[in-house]
**Q** 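Structure in structure tokens, see below.
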There are 2 protein chains.
Amino acid sequence: MDEQSKEEQLLAWVERVAAFFARNNGLPLITGRVLGWLMVCDPPEQTAAQIATAIGASKASLSTAVRVLEASGFVRAVTRPAERGVHLRVADDVWERVARRKLEALGDFSEITADGLEILHDEPARGDRVRDAHRLFSRLEQQIAPLLQHRDDDSP
Amino acid sequence: MDEQSKEEQLLAWVERVAAFFARNNGLPLITGRVLGWLMVCDPPEQTAAQIATAIGASKASLSTAVRVLEASGFVRAVTRPAERGVHLRVADDVWERVARRKLEALGDFSEITADGLEILHDEPARGDRVRDAHRLFSRLEQQIAPLLQHRDDDSP
DNA sequence: ATCTGAGTTCAGTATGGACTAAACTGTCTG
DNA sequence: CAGACAGTTTAGTCCATACTGAACTCAGAT
């Protein structure tokens, strides 16, 4: 039927996701794999051990990966009655968070350019290049922020 | 007068710029330093040798840094009559380019999510998480793109 | 032809960080 | 209590890659 089993296809896809986040967000590969896997796994809530075997990583790596993913709010840990340990799932607002974090980077850069202008305040011409940057990124920050408003959700 | 000489302040600022681009865009530190330096240096057009001494890097590093900066269109090489070698300056549209490149990353991710949906086309429920991501990033891509229109120039 | 300076390439070093195995902690079960 | 399991920490390995020095190429000037 398929040239590749769906499992293999999914793992290959997870690999692409991991590579993307490694390249664009500086995430360690394994962390990206966890995120990618949690996007497509069935069931959608899995234990660290399950994830580890799925993506072929060690318990230790899972521990650190999950720590950063939880701290970033990308992944949530849920417990179940009468089961020990936690199950992990992607947060409902992962992607808003990812995007918002990128937006923050924009803001950080605006701060840098602002400080640059400060240093060059007595040489306006020399500050032109920095000023251009500052204007563009401040504008973008302001225009993009409203596109990322929290959805007011009260879903179960 | 100053606690730090302006030169020192600028170098410290360049360092921040370099760190920012290293962290957010995966640029090597030296490459970021070159870019930062070219944002504030006086005169605004400098030779590779001048830049190298300014930021304390080797000729070899400058060579590679300049290659990637030029290839990305972030820096332009200009020649002058009766002078040998080239002078480097930031491109007029550096920041548009930087921003546009980030936007492309968004598009790349939309492609990834699209392919993920493809793989899961026969399990709609399982594709929900990927679909959410796809919708958000496609939307953002479309909404952000118009904020980055090329200024209408007709240079070659 | 030779010299000089700009720029590239190459080989080697080293620094950082991702990853793992193994030891350890703590908690729940029987 | 013993035993098992979830998870963390630590120590160490390994790999990628940034960076440099030095050799090299090429162009123009004299």
Side-chain angles (χ1 to χ4, degrees), chain A residues 11 14-15 17-38 43 45-72 74-89, chain B residues 11 14-15 17-38 43 45-72 74-89:
Chain A
L11 281 176
V14 167
E15 219 52 37
V17 172
F20 179 87
F21 279 98
R23 206 144 269 298
N24 289 279
N25 301 57
L27 286 192
L29 276 177
I30 290 197
T31 310
R33 286 192 191 107
V34 173
L35 195 53
W37 179 251
L38 286 176
E45 298 184 351
Q46 306 208 347
T47 66
Q50 286 175 307
I51 301 172
T53 49
I55 65 175
S58 72
K59 253 192 343 166
S61 295
L62 259 284
S63 178
T64 62
V66 168
R67 175 170 41 241
V68 27
L69 288 174
E70 270 195 88
S72 312
F74 296 164
V75 161
R76 298 195 25 168
V78 302
T79 56
R80 297 179 182 178
E83 284 193 29
R84 65 171 143 231
V86 302
H87 287 245
L88 301 161
R89 50 167 301 168
Chain B
L11 281 176
V14 167
E15 219 51 37
V17 173
F20 179 86
F21 279 98
R23 206 145 268 299
N24 289 279
N25 300 58
L27 288 192
L29 275 177
I30 290 197
T31 309
R33 287 194 191 106
V34 172
L35 194 53
W37 178 251
L38 286 176
E45 298 184 352
Q46 305 207 346
T47 66
Q50 287 175 307
I51 301 172
T53 50
I55 65 175
S58 72
K59 254 194 339 168
S61 295
L62 257 284
S63 178
T64 61
V66 168
R67 176 170 41 240
V68 27
L69 288 173
E70 270 195 89
S72 313
F74 297 164
V75 161
R76 297 197 27 168
V78 303
T79 56
R80 298 178 180 177
E83 285 193 30
R84 63 172 145 234
V86 302
H87 287 245
L88 301 161
R89 51 168 299 166

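Source: prediction; values computed, not measured. Letters A, B, ... mirror the listed sequences (proteins, then strands); counts begin at 1.
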**Q** Nearest-Å distance, CZ (B:Arg80) to C1' (C:dA6)?
**A** 15 Å
**Q** Is B:Val66 touching bases, backbone alone, or none of the nucleic acid, heavy atoms closer than 4.0 Å?
**A** nothing
**Q** Using the salt bridge (charged side-chain N to carboxylate O under 4.0 Å, His left out) rule, take B:Glu15 and B:Arg33 through it: C-alpha gap first, then chi angles, then the decisive distance, then the call.
**A** CA-CA 6 Å; B:Glu15 219 51 37; B:Arg33 287 194 191 106; 2.7 Å; yes
**Q** So, for A:Ala18 and A:Gly32, which heavy atoms are closest and what is the spacing to 0.1 Å?
**A** CB-C, 3.7 Å
**Q** Nearest whole Å is fine: how far is D:dT8 P from A:Leu62 CG?
**A** 10 Å
**Q** List the atom of B:Thr31, the atom of B:Ala65, and the distance in Å for their closest heavy-atom pair.
**A** OG1-CB, 3.7 Å
**Q** Can you tell which of C:dA21, C:dT8, C:dT9 lies closest to the side chain of A:Ala60?
**A**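 My answer, after comparing the listed nucleotides, is C:dA21.
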**Q** Closest approach to the side chain of A:Arg33, judged atom by atom: which nucleotide of D:dG21, C:dC19, C:dT8 is it?
**A** C:dC19
**Q** Mapping A:Leu27 and A:Ala82 to their closest nucleotides on DNA chain C, which lands nearer the 5' end?
**A**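 By nearest-heavy-atom nucleotide position, the 5'-most residue is A:Leu27.
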**Q** Counting only side-chain heavy atoms from C-beta out, which of C:dT8, C:dT20, D:dT20 sits nearest to B:Ala57?
**A** D:dT20
**Q** Round to a whole Å and report the spacing from CD of B:Glu83 to P of D:dA27.
**A**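 Roughly 20 Å, once rounded to whole Å.
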**Q** Choosing from C:dA21, D:dT20, C:dT9, which nucleotide comes nearest the side chain of B:Ser58?
**A** D:dT20
**Q** Whole angstroms only, please: what is the CD-C1' distance between A:Glu70 and D:dT8?
**A**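 The answer, rounded to whole Å, is 13 Å.
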**Q** May I ask you to evaluate whether B:Ser61 reaches the phosphate of D:dC19, defined as a side-chain N or O under 4.0 Å from OP1 or OP2?
**A** no
**Q** Within the side chain of A:Ser63, is there an N or O that forms a donor-acceptor pair under 3.5 Å with the backbone of A:Lys59?
**A** no
**Q** Of all the choices, C:dC19, C:dT20, C:dG7, which nucleotide is nearest to the side chain of A:Leu29 once you look at every atom?
**A** C:dC19
**Q** Rounded to whole Å, please give me the gap between CD in A:Gln50 and C1' in D:dC5.
**A** 14 Å
**Q** Grab the CZ-C1' distance between B:Arg23 and D:dA18 for me, whole Å please.
**A**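 For the pair B:Arg23 CZ and D:dA18 C1', the rounded distance is 15 Å.
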**Q** To the nearest Å, give me how far apart CD1 (A:Ile55) and P (C:dA18) are.
**A** 15 Å
**Q** Categorize A:Gly56 for me: base, sugar-phosphate, or nothing, with a 4.0 angstrom heavy-atom threshold over every strand shown.
**A**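 Counting heavy atoms under 4.0 Å across all strands, the contact made by A:Gly56 is with sugar-phosphate only.
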**Q** Starting from the 5' end of DNA chain C, give me the residue, B:Ser63 or A:Thr64, whose nearest nucleotide shows up first.
**A** B:Ser63
**Q** Starting the side chain at C-beta, find the nucleotide from D:dC19, C:dA18, C:dT9 nearest to A:Pro28.
**A**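 For the A:Pro28 side chain, the nearest candidate turns out to be C:dA18.
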**Q** Do A:Trp37 and A:Leu11 touch side chain to side chain, with heavy atoms closer than 4.5 Å?
**A** yes
**Q** How many Å lie between CG on A:Leu69 and P on D:dT8, as a whole number?
**A** 12 Å
**Q** Among C:dT20, D:dA18, D:dG7, find the nucleotide with the atom closest to the side chain of A:Ala48.
**A** D:dG7
**Q** I want to verify a distance call: between C:dT20, D:dA29, D:dA6, whose nearest atom is closest to the B:Arg84 side chain?
**A** D:dA29
**Q** Less than 4.5 Å apart, any side-chain heavy atom of B:Val86 and any of B:Thr47?
**A**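 Contact flag for B:Val86/B:Thr47 side chains = no.
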